[in-house]
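Note on naming: letters A, B, ... go to the chains in the order of the sequence lines (proteins, then strands), and numbering restarts at 1 for each one.
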2 protein chains.
Amino acid sequence: MYKAGLFSLILHAIASPSKSNNVFEAFRKYIREKSNVTEEDLVQIEAVCQYKKLRKRQYLLQEGDVWKYNAFIVKGCLRTYTVDDKGNEHILNFATENWWTGDRESLQTGNPSAYNIDALEDAEIILITKTNFDQLCNDIPAFNDMVNAILQRSFIASQSRIHTFLSLSAEEKYQAFLQKYPQLVMRVPQGMIASYLGVTPETLSRVRKQSSKGHRPS
Amino acid sequence: MYKAGLFSLILHAIASPSKSNNVFEAFRKYIREKSNVTEEDLVQIEAVCQYKKLRKRQYLLQEGDVWKYNAFIVKGCLRTYTVDDKGNEHILNFATENWWTGDRESLQTGNPSAYNIDALEDAEIILITKTNFDQLCNDIPAFNDMVNAILQRSFIASQSRIHTFLSLSAEEKYQAFLQKYPQLVMRVPQGMIASYLGVTPETLSRVRKQSSKGHRPS
DNA sequence: GACCATACTTGATCCAAATCAATTCCGATC
DNA sequence: GATCGGAATTGATTTGGATCAAGTATGGTC
């Protein structure tokens, strides 16, 4: 245990540890695919990247803390959620490999976050502070464009999720989720999917039973 | 009637008609407040603006059409909504003075829109085609920054609305709406607010009755 | 391989909100 | 100022999903 802690300290201290090379390679690949940055730009980007490991159940952000980064997920699965008075969790989103996460609102305003973010699986993450990130956006137009394209897509997705709440039943929301995020269904506990859809675990369980009856009655 | 049509044709034909001067002045004011564009930039921006009037109930966009603009509202109130199989309307958002509207998804993908946008009151709108708009973003960094800031805020707001659906009751959603958009409550028919909140008009009516009992029992 | 904690299922009951069905209340139009 | 049509209210009833309460896997740990 103590050894592991020491090792990760070393990882942080040295510039390009062997382990995180793979990590950055995944990040580089992502950026190359999504934008037209040059190799020199990539060097500048990597220079401000921090590497972070999370074990399952560990927090990336806790309610009440101010969020100061942009977080890119290299490996693993995280969730953003709140806990209400009655202790119920409400999941705002999941994020897996090649997605970004964090609390844009807290980042923007500097106010304490209303959200928790934790790891559903062991995870590896790249963090860039807001200051550095803004600098990158200023210095590298292609990076800026990429960031805006991502934001645009996020917004469109969230509009579509709102529409889901306005117009679909529990069953329909689940079917839509299956369509949209088939990989997540395998990775995420069912109760959390229920929470994401805004229904109880019991309801989702029944919905699944029902719809399995419909298809292929064996 | 015919006269009015002729007049608006003339409005379109000439460069800076007296009437739309006021319109552009409102737009200029907005941009000056929200960004650091120069007066020359403003000239470039205005050069690509189209002016459009809508009467109450008129459509800005109909389901199935491809949306090609960014629309700034100078005056009036519009809504974006869908109609489901049973004929129920689901309102995704309202937009009033100094807001932008349109369908980002259709604009982005070039696919036919799933949404309708129409005017709840007579409205005056400035339209900029996607092509021109992208050009402005390229040419004028301050304009680009403004646009991204707006998108950022829209995303944050829509996250917060999602949270609303996950965690609040009908009554709580209405109270939150009152807090967030007090002006809209006066302008928008109650049934449409119900639709925006994802409840029936009957439920909203009862919710209001209940909560009025609670406060100041006369 | 026994044990425990956590997730999932299943059943019974309850409740918030939907639906169905009249009124009543306006604001626009003649 | 009478009339008409859409909006809001109100009431009665139904219902989808929540809640409460056991069971039943299932995966992780010793």
Polar side-chain contact B/Arg208-D/dT10 base: donor and acceptor under 3.5 Å
no
Could you give the CZ-to-P distance, from B/Arg57 to C/dA28, as a whole number of Å?
15 Å
Nucleotide C/dA18, atom P - distance to NZ of B/Lys86 in whole Å:
11 Å
Want to settle it: does B/Thr203 or A/Thr203 sit nearer the 5' end of DNA chain D, counting the closest nucleotide to each?
B/Thr203
Interatomic distance where CG belongs to A/Leu204 and P belongs to C/dT9 [whole Å]:
8 Å
If the threshold is 4.0 Å, N to carboxylate O, is there a salt bridge linking A/Arg206 and A/Glu202?
no
Between C/dA5 atom P and A/Lys56 atom NZ, what is the distance in whole Å?
17 Å
Separation of atom CD in B/Glu89 from atom P in D/dG6, rounded to whole Å
13 Å
In whole angstrom, what separates A/Phe165's CZ from D/dG17's P?
13 Å
Given side chains that start at C-beta, do those of A/Ile193 and A/Leu184 come closer than 4.5 Å, heavy atoms only?
no
Indicate, with yes or no, if the rings of A/Tyr115 and A/Tyr81 have centres closer together than 6.0 Å.
no
Heavy-atom donor-acceptor pair, A/Arg206 side-chain to C/dG11 base, under 3.5 Å
yes
Rounded off to whole Å, could you give me the CD1-to-C1' distance for the A/Ile91 and C/dA7 pair?
14 Å
For the ring-ring contact (aromatic ring centres under 6.0 Å, His included) test, which of B/Phe24, B/Tyr30, B/Phe133 pairs with B/Phe72?
B/Tyr30
Nearest-Å distance, CD (A/Gln210) to C1' (C/dG11)?
14 Å
Report yes or no: does B/Asp103 contribute a side-chain atom to a donor-acceptor pair with the main-chain N or O of B/Trp67 at less than 3.5 Å?
no
Closer than 4.0 Å, any side-chain N/O of B/Lys209 to the OP1 or OP2 of D/dT10?
yes
Are A/Arg208 and A/Gln190 close enough that a side-chain donor and a side-chain acceptor fall under 3.5 Å?
yes
Pairing donors with acceptors under 3.5 angstrom, does anything connect the side chains of B/Lys75 and B/Thr96?
no
Using a heavy-atom distance cut-off of less than 4.0 Å, which residues of residues 185-202 of chain B contact DNA chain D?
B/Pro189, B/Gln190, B/Gly191, B/Glu202
